[in-house]
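All chains are named by letter (A, B, ...) in the order of the sequence lines, taking the proteins before the strands, and each is independently numbered beginning at 1.
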Amino acid sequence: MKLPVKMTINGQKVSHEVEPRLLLVHYIREVVGLTGTHVGCDTSQCGACTILIDGQAVKACTLFAVQADGATITTIEGLAKNGELHPIQQGFWEKHGLQCGFCTPGMILAAYQMLERYPKPTEDQIRHQLEGNLCRCTGYHNIVKAIQWAAEHMAGKK
Amino acid sequence: MATVVQERLFGKAIKRREDPRFITGRGQYVDDVKLPGMTYAAFVRSPHAHARIRRIDTSGALKHPGVVAVFTGKDMAGVNSLPCGWDLRKEKNIPGVVQDLAMVPHMPLTADVARHVGDPVAVVIAESQAAAVDAVDRVKVDWEPLPSVTVTDRAARSGAPQIHTGAPGNVAFKWEIGDRSATDAAFKGAATTVKKRILNQRLVANAMEPRACIARFDTATGELTLWVTSQNPHVHRLLMCAFVLGIPEHKVRVIAPDVGGGFGSKIFLYNEEVVCSWVARQLKRPVRWTATRREAYLTDAHGRDHVTDAELALGRDGKILGLRVKTTANLGAYLSTFAPAIPTFLYGTLLNGVYTIGAIHCEVTGVFTNTTAVDAYRGAGRPEACYVLERIVEAGARALGMDVAELRKKNFIPKFSGAFQTLVAVSYDSGDYAAAFDRLLQMLNYRKFRAEQEAARKQGRLLGIGFSTYIEACSIAPSKLVGALGAGAGLYESAKVRVHPTGGVTVYTGSHSHGQGHETTFAQLVADELQIPIEQVEIVHGDTGAIPFGMGTYGSRSASVGGTAILMSLNKIKEKGKRIAAHLLEASANDIEYVNGQFQVKGVPSKAVPFGAVSLTAYVPHKYPDNLEPGLEETSFYDPSNFCFPFGAHACVVEVDRDTGAVQIQRYLAVDDVGKVINPMIVDGMVHGGIAQGVGQALCEGAVYDEGSGQLVTGSMMDYALPKADMLPLYETDRTVTPTPVNPMGIKGAGETGTIAATPTVVNAVIDALAPLGVDHIEAMPLTSERVWKAIQAAKAKR
């Protein structure tokens, strides 16, 4: 049995028929073909698949594609606008907030919502808010710095 | 002619060139690759730690919709065991062998007995991932469960279940290093001796990207292409072709595209990529397999897992007279690719540390257990050595009532350059150990800290400081030396530098980047040497179809070994360029020098040809020297003459909650000496990440097997505690710079230092915090709040 799903991903309307058990992350990666959203675990611990659903940072492995029917989604591929990096992306580049790059899309999108909630986050707030995202390369030091950089530059723009 | 002097890029913290694709989601990892007609593999794995396979019934799975094929070990006739690339046998004159290594077979799909939970016994190939996974449940395996052993120091006890017929008593090998009688004599003459049991628990590398592979067989060309999460694609190809599948190496192309971290776990040849390569040839369709995280826990080679009894002999003055170490190393159920080297030549040879020691003896027994195979994990043997030494040295200082910093200072090997011969075979290249430690104490303001600690203790607070001063052997490795020690491979590196007609440069390196940033650091090196804009330089890695050969990335070898190979090719390019330029300038090649991106007559910048003009002439050789080949492309292989030995000193300040045992890190400081540094930002980043992994081992990580069932209890990210952002501080880092004389750039290697140093640093800090309560040692890590709380209660009960 397959069910129809429709959603808007990075401004593009997509619709497919999918198995009800298909996870949203696999839908995005395998059906829609956007492979920037990564799968690092099978227990919703790592956060590599974090995306924005209707503005909320969500781990795309925690719901089925059919549950996201009608949703507006932003993945890492949709964050830069008109070829210009988002300040969070820029911050990760400036501050060496990534090494292997695998956790990075999830980190950036988790940071996106973090900075909406806490536009001027303290170091403790950043660390606490990153609880759901694992990185094995950076020891988090430069991820914290990257998010601080982004916060400063986003404050300047508002 | 006006020349623009380009800014030196060597040593500059430039932003990474690979980042734009990663921060926009356009990296391409193995699981991102999709091929027409692709099938999906899912493995049937043993649910038992040890069980005989009576029968496998695949008929139900074959009937499942979407299933293309099912294969078991019996179907793979003619396919050989996965090889172990390190030999430890007396007949090969490998030094220190007490009992020969038992070379036990490791079949890609085991057909007779499963020896650990997760051991693959069959593979299902289907049109979709979902169908393959569903059909795995329909493969019926008739199991005869057997008793199992998972505990390191119980594997070789009498009565333990026998795992391999070729390894009686589950002993894989026995090995020793150092001087037993000199060490015995040192202990007899000692004023104080301390003895501790020191456990180094089993870890799982946990690269964020799970292992994956795609195999495609091209029936038209007969070529097999394998995309695989590998740190060393040429090594994968060589082992798979020459040892396992027996297919011609020149008909196989291995591609390791973007790889999401390795930390050692992606060095090795694994069952799954061999099976998928074999299946692709059978079915003539592409096959993809990607590990779930649970499969990763069960099958990625684990790290560490030592049980050690260590003894230190000290003089009244605090001088280290002797060190005696007895270690049992758990190798798991099979011999992984480099497993025997890790607890021997990468462990015992590091026990001299940064100290002048009177005598050392170390003996190691490798054992088989019903657990996942153990091999190199970041640091690989060196963290285990450092942990033993730095724990026992602090225990010795406490026994003498001497300050831990003072005892270290008394025993440092004095500054040297050229060579320091240790008591455990290796000869250090250069070192100034006191300088790094002094810098650390200065950053820390050590005296002030001790005063604060005293005040805190009066208020009942448990504040502690821990140190470690470490040495590591990297820039792996001189081929002749490692060959004499049992390595089945050479450990040089290759680099091909291709200068294009229009002056652009492509470098094909055998090193592989899976987070290290080679596309930046190697480009810095090239741009700096040739004095051309970095935009003109491209670095290609991870493809046996493009790169002549390569031994890959591990053992902190990329910049020092891979980078030197690039430098050698650049020098050849310059030499040839001089001959071309000399012809154009009507001068002698001996009179040409390469300065600021141009070939010029020595001391006459006005008589010059720019790099681009020379490269164009090499490909349009109209006005060209006789007896010189056209083209501008050079390949070099660099084989180092010695290991390089980075060193440093780390410190950590912790506060322990006396009611809960919870450990909080307040400060973490690191002074590392990795020789010359190409990109300090990248090196700092590697140090940070290494520290986090070392802290992880000290405080939260550990692979735990249930003793009765042999099940891996910590088999998911819910159960295996990885360090998170909120348990770590900002690290305070600095460097001293003692260039190595081993390679021309003076680079030592930086990838593993943090992991090696951090674990003892943190544990020593916790012990220091608990010292007023009478705790002087905790045998096992991680130091979870429960374990620390128990240590506090046990100390209270003793009083």
Write out, in numerical order, the residues from [range] with a heavy atom short of 4.5 Å from a heavy atom in chain B.
range	result
residues 55-73 of chain A	none
residues 44-52 of chain A	Gln45(A), Cys46(A)
residues 88-95 of chain A	Gln89(A), Gln90(A), Phe92(A), Trp93(A), Glu94(A)

Minimal heavy-atom distance between Ala692(B) and Gly139(A), with the atoms involved, is CB-CA, 3.4 Å
Taking every heavy atom of Ile23(B) against every heavy atom of Leu85(A), the minimum-distance pair comes out as CD1-CD1, 3.8 Å
With sequence neighbours left out, the residues meeting salt bridge (charged side-chain N to carboxylate O under 4.0 Å, His left out) with Arg136(A) are Glu701(B)
- Query: Would one find more than 12 heavy atoms of other residues, nucleotides or ligands at under 6.0 Å from atom NZ of Lys34(B)?
  - Reply: yes
Just checking Lys15(B): does its NZ atom have more than 12 heavy atoms from other residues, nucleotides or ligands closer to it than 6.0 angstrom?
yes
The reported gap from SG in Cys100(A) to CZ in Phe22(B) (rounded to nearest 0.5 angstrom) is 7.5 Å
When rounded to the nearest 0.5 Å, the distance separating CE of Met208(B) from SG of Cys103(A) is 6.5 Å
Taking [options] one by one, which has the highest count of heavy-atom pairs under 4.5 Å against chain B?
options	value
Gly40(A), Gly97(A), Gly101(A), Pro105(A)	Gly40(A)
Asp124(A), Thr37(A), Val39(A), Asn142(A)	Asn142(A)
Glu77(A), His128(A), Arg29(A)	Arg29(A)

So, does Tyr140(A) use its side chain to make a donor-acceptor pair with the main chain of Pro729(B) at under 3.5 Å? no
Keeping the roles fixed (side chain from Lys724(B), backbone from Asn133(A)), state whether a donor-acceptor pair exists under 3.5 Å.
no
[X] portion near chain A, given a 4.5 angstrom heavy-atom threshold:
X	result
Asp31(B)	both
Arg16(B)	both
Ile691(B)	neither
Ala130(B)	both
Tyr297(B)	neither
Val259(B)	backbone

| Given Arg127(A) and Leu730(B), is the side-chain contact (heavy atoms from CB on, under 4.5 Å) satisfied, shown in steps? | CA-CA 11 Å; Arg127(A) 289 182 181 277; Leu730(B) 289 173; 3.5 Å; yes
Look at Asp42(A) together with Arg293(B) and state whether they make a salt bridge at an N to O cut-off of under 4.0 Å. no
| Parallel, tilted or perpendicular: which fits the ring planes of Tyr29(B) and His38(A), with parallel below 30° and perpendicular above 60°? | perpendicular
Most contact-rich option vs chain A, by heavy-atom pairs under 4.5 angstrom, among Ala13(B), Ser716(B), Pro723(B), Gly754(B), is Pro723(B)
Relative to chain B, which segment of [X] carries a heavy atom at a distance below 4.5 Å: side chain, backbone, both, or neither?
X	value
Thr138(A)	backbone
Leu98(A)	both
Glu123(A)	side chain

Quick check: do Met686(B) and Gln99(A) have side-chain heavy atoms less than 4.5 Å from each other?
yes
